[in-house]
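So that the names make sense, note that chain A is the first sequence line, chain B the second, and so on, each numbered from 1.
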Protein chains: 4
Amino acid sequence: MSPKIVNKEEKKAEIIHAAMIVFAKRGLVKTKMIDIAEQAGIGKGTIYEYFRSKEDIFATAFQYFFSEMTTAIESILADTEDPVEQLKLLMTESLNSLQHVGSDFAAIMMDFWAEGIRNKDQRILSIINLKKIYENYRRTIRTILEDGISKGVFKPVNTLYTSAVLIAAFDGLILQWIMDRELIDLEKVTNVLISNFLEGIKK
Amino acid sequence: MSPKIVNKEEKKAEIIHAAMIVFAKRGLVKTKMIDIAEQAGIGKGTIYEYFRSKEDIFATAFQYFFSEMTTAIESILADTEDPVEQLKLLMTESLNSLQHVGSDFAAIMMDFWAEGIRNKDQRILSIINLKKIYENYRRTIRTILEDGISKGVFKPVNTLYTSAVLIAAFDGLILQWIMDRELIDLEKVTNVLISNFLEGIKK
Amino acid sequence: MSPKIVNKEEKKAEIIHAAMIVFAKRGLVKTKMIDIAEQAGIGKGTIYEYFRSKEDIFATAFQYFFSEMTTAIESILADTEDPVEQLKLLMTESLNSLQHVGSDFAAIMMDFWAEGIRNKDQRILSIINLKKIYENYRRTIRTILEDGISKGVFKPVNTLYTSAVLIAAFDGLILQWIMDRELIDLEKVTNVLISNFLEGIKK
Amino acid sequence: MSPKIVNKEEKKAEIIHAAMIVFAKRGLVKTKMIDIAEQAGIGKGTIYEYFRSKEDIFATAFQYFFSEMTTAIESILADTEDPVEQLKLLMTESLNSLQHVGSDFAAIMMDFWAEGIRNKDQRILSIINLKKIYENYRRTIRTILEDGISKGVFKPVNTLYTSAVLIAAFDGLILQWIMDRELIDLEKVTNVLISNFLEGIKK
DNA sequence: TATGAATGAGCATTCATTCAT
DNA sequence: TATGAATGAATGCTCATTCAT
């Protein structure tokens, strides 16, 4: 007769997980609350015990998505201290992990971008803040580049823009991969990116 | 005896223009027919004299958007025969024209991507076919690269993946620019991309 | 430079004729003004030069339909003075003429009934007045029956109800014929009606 | 833990009941979803929890209407084995029950006819199939007639057409009654029909 | 805590009617 | 007189959210 004990955070994570699966399948906009509920194996109303609104789910999913990427990046960087190797690892590992979860899942990124760009809601902006997220990405890359420059491995390039270009190429390749999975072999194309681009900035 | 004479094609273009403005402001999904009508200064019902449905407007806008890009690209390529110069021009001019129409407008591309990726409707697929559009973009770049290789200007790189990387970088930079217009100076960042990347593939 | 001279009444009749054709094909409710205009080979707006509204067209068509029936009936009755023969002729000729115009056309009667029954609009009620129309039909039959009774041909039946039953059978047979043209041979079934029913009321 | 328990079938029946009332009042075509909802004392959206579409409501109402008639007919026939009596009972009881529900309600039949005749939608045709319904009615009457003929009570009439005529008279009388409730006393007119018509086919 | 029945705001679309030409 | 481009009221339907159980 004791009340069912539920780990709130755990269940939230479960719902987010379910939501991500449906987002990947149907896209953000076409996903209905009932879809998420069914995927999570719970009742429609139950979702509202854990999330205020559909937007809240979206924002939380957004957070999970990018925080996981950040965590992955950080762990990658700890593996080596060679700037060239770090950049290589960063690209290959990031693309590998995306390839692993699948292009459907990667397509969520499109939705996150599209939504994240417009969102002006102050309550949500603190969570869905692509500007800040990309600032962080760039900062990570810049640190590597500056490290490489000071070590004499890289030319004295503009680290802000170089980091932007690297991230840009990464995002753009995912986009093309989503559209044409057969054609774009992420591994090979990453090698092309790395070999050519690093060649350009290496001393 | 004679009713009001209207240039149907002109009016369609006007409505598409209005739609694009609203798409840019509100995003594709949140745009309502009444928004487009008000922006165009016409009645809600009038839109249906020129377009079958909301989806039809979207598909037509999509077509306008990418066909304009294609036209712009073609005219750029006619200006010079030097492969290096062609690639430079392609990047700078494309980014310039996007910069010119504004980031709100460029944000439509996000919506087009997000929608285009998921759309499986056969009727629409013939119009909204990002896969094909990107194939064309890559083919254009490949031709330049192959030309450059045969002329001995470029190393014998994998032209498919190199073209993919170049386009990727372009798309990704726009994305970052949309999110942070102050930080990302498209001109400067393009120079960085060109100088570093071309350096990597030049012989 | 003289203005085009148009016979207003003639053109009204043309439009009504076109309307009837479309009513027969699509049904009253699903018929749009544009359908009538196209069938009549004129512009949508032109209809409003001759009719105030869609309802006006309907009411006029209604009038045409039933006044034609009445005219047909009257001419039939003039052919003979024998009450038995008059009833026979009335049934056979009425059914024949309906058979001739076709079941699609006869189906309009269903629409007229459905609409006529509900219509409470006073402006229209003077035109679409099924109650009065059926009173007239019954009066015609009653006159024949009374004539037959006074001539000693018919039993002294209740002429009101007998006329109602005869008209009812007529209407009901059309209904079944509309639904199942192959099965119901109007000629044969009329013979059955006449022979059995007249047998019942003949002295 | 346990949500509100609703008898889905019961609620469907309630909504159909409400729909029938509105259909009777306003007519099928002019009935709006909001009308049905208000009559049923529920919200607009609730209807869609029980019916897919307006057409679905209509089809279900249609089904209820005619299946009730069929049930009534079957129970009537079980009361006696005398063919003459069966025909008499069939007419009087059917008319009585219609008289009981009221002419507004009977007017729905007009709408059903009008709609049923045109409907060509295959999905709906299996439900709204007046041709089949009338075939069943005729078969019922034919069985009685054939029974009567073999028992030597009726002349060897054409049973198909005779049954068609009987049903026709029934339908037609309802039509006149709907239009003129004061004038047409269903009981008396049925007696006239029975006495005259049966007289005609009795041996 | 969990649920799903109930709800109504919101939206795409239709079509009778108007009116400038 | 004839037209069809323009219009917006009207309506079926969806779906996020609420709340009684």
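The side chain of B:M33 lies closest to E:dT13 when the candidates are F:dT7, E:dT13, E:dA5.
Partner assigned to F:dA16 is E:dT7, using Watson-Crick or G-U wobble distances below 3.5 angstrom. The nucleotide F:dA2 finds its pairing partner in E:dT21, both defining distances of the Watson-Crick or G-U wobble pair being shorter than 3.5 Å.
The side chain of C:Y50 contributes an N or O atom lying less than 4.0 Å from OP1 or OP2 of F:dA2. Between E:dT1 and A:K11, no contact under 4.0 Å exists linking OP1 or OP2 to a side-chain N or O.
One interatomic measurement links the two molecules: CD1 of A:I36 to P of F:dT17, which rounds to 10 Å at whole-angstrom precision. Remark: C1' of E:dT21 and OH of C:Y48 are 19 Å apart, rounded to the nearest angstrom. When the P atom of E:dC15 is taken as reference, atom CD of C:E38 falls 13 Å away, rounded to whole Å. One can place CD1 of D:I34 at 11 Å from P of E:dT7, the figure rounded to the nearest angstrom. Put simply, NZ on A:K54 is 17 Å from C1' on F:dT18, counting in whole angstrom units. In this entry the distance linking CG of D:N7 with C1' of E:dG4 reads 16 Å, nearest Å. Residue B:E14 contributes atom CD, which lies 15 Å from atom P of F:dA5 at whole-angstrom precision. The nearest whole Å value for the distance from the CD1 atom in D:I57 to the P atom in F:dC13 is 8 Å.
Between B:T46 and D:E49, the residue anchored closer to the 5' end of DNA chain F is B:T46, taking for each the nucleotide with the nearest heavy atom. DNA chain F is contacted by both A:K30 and D:K32; D:K32 maps to the nucleotide lying nearer its 5′ end (nearest heavy atom per residue). Along DNA chain E, the nucleotide nearest B:E55 and the nucleotide nearest A:G45 are compared for position; the residue whose nucleotide lies closer to the 5' end is A:G45. For D:I47 and A:I47, each mapped to the nucleotide of DNA chain E holding its nearest heavy atom, the one lying further toward the 5' end belongs to A:I47.
Relative orientation of the D:F112 and D:F58 rings is tilted, given thresholds of 30° and 60° on the angle between their planes.
D:K8 places a side-chain N or O within 3.5 Å of a backbone atom of D:E49 that can act as its donor or acceptor partner.
A donor N or O paired with an acceptor N or O is found under 3.5 Å between the base of E:dT13 and the side-chain atoms of B:K44.
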Is there a salt bridge (Lys or Arg N to Asp or Glu O under 4.0 Å) between A:E115 and B:K30 once you walk through the steps? CA-CA 10 Å; A:E115 181 68 22; B:K30 290 188 180 161; 3.8 Å; yes
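Residue contacts shown for B:I42 are limited to sugar-phosphate atoms, with no base heavy atom under 4.0 Å away.
Between the CZ atom of C:F23 and the CZ atom of C:F62 there is a distance of 12.0 Å, given to the nearest 0.5 Å. Atom CD of B:E38 is separated from atom CD1 of B:I34 by 4.5 Å, given to the nearest 0.5 angstrom.
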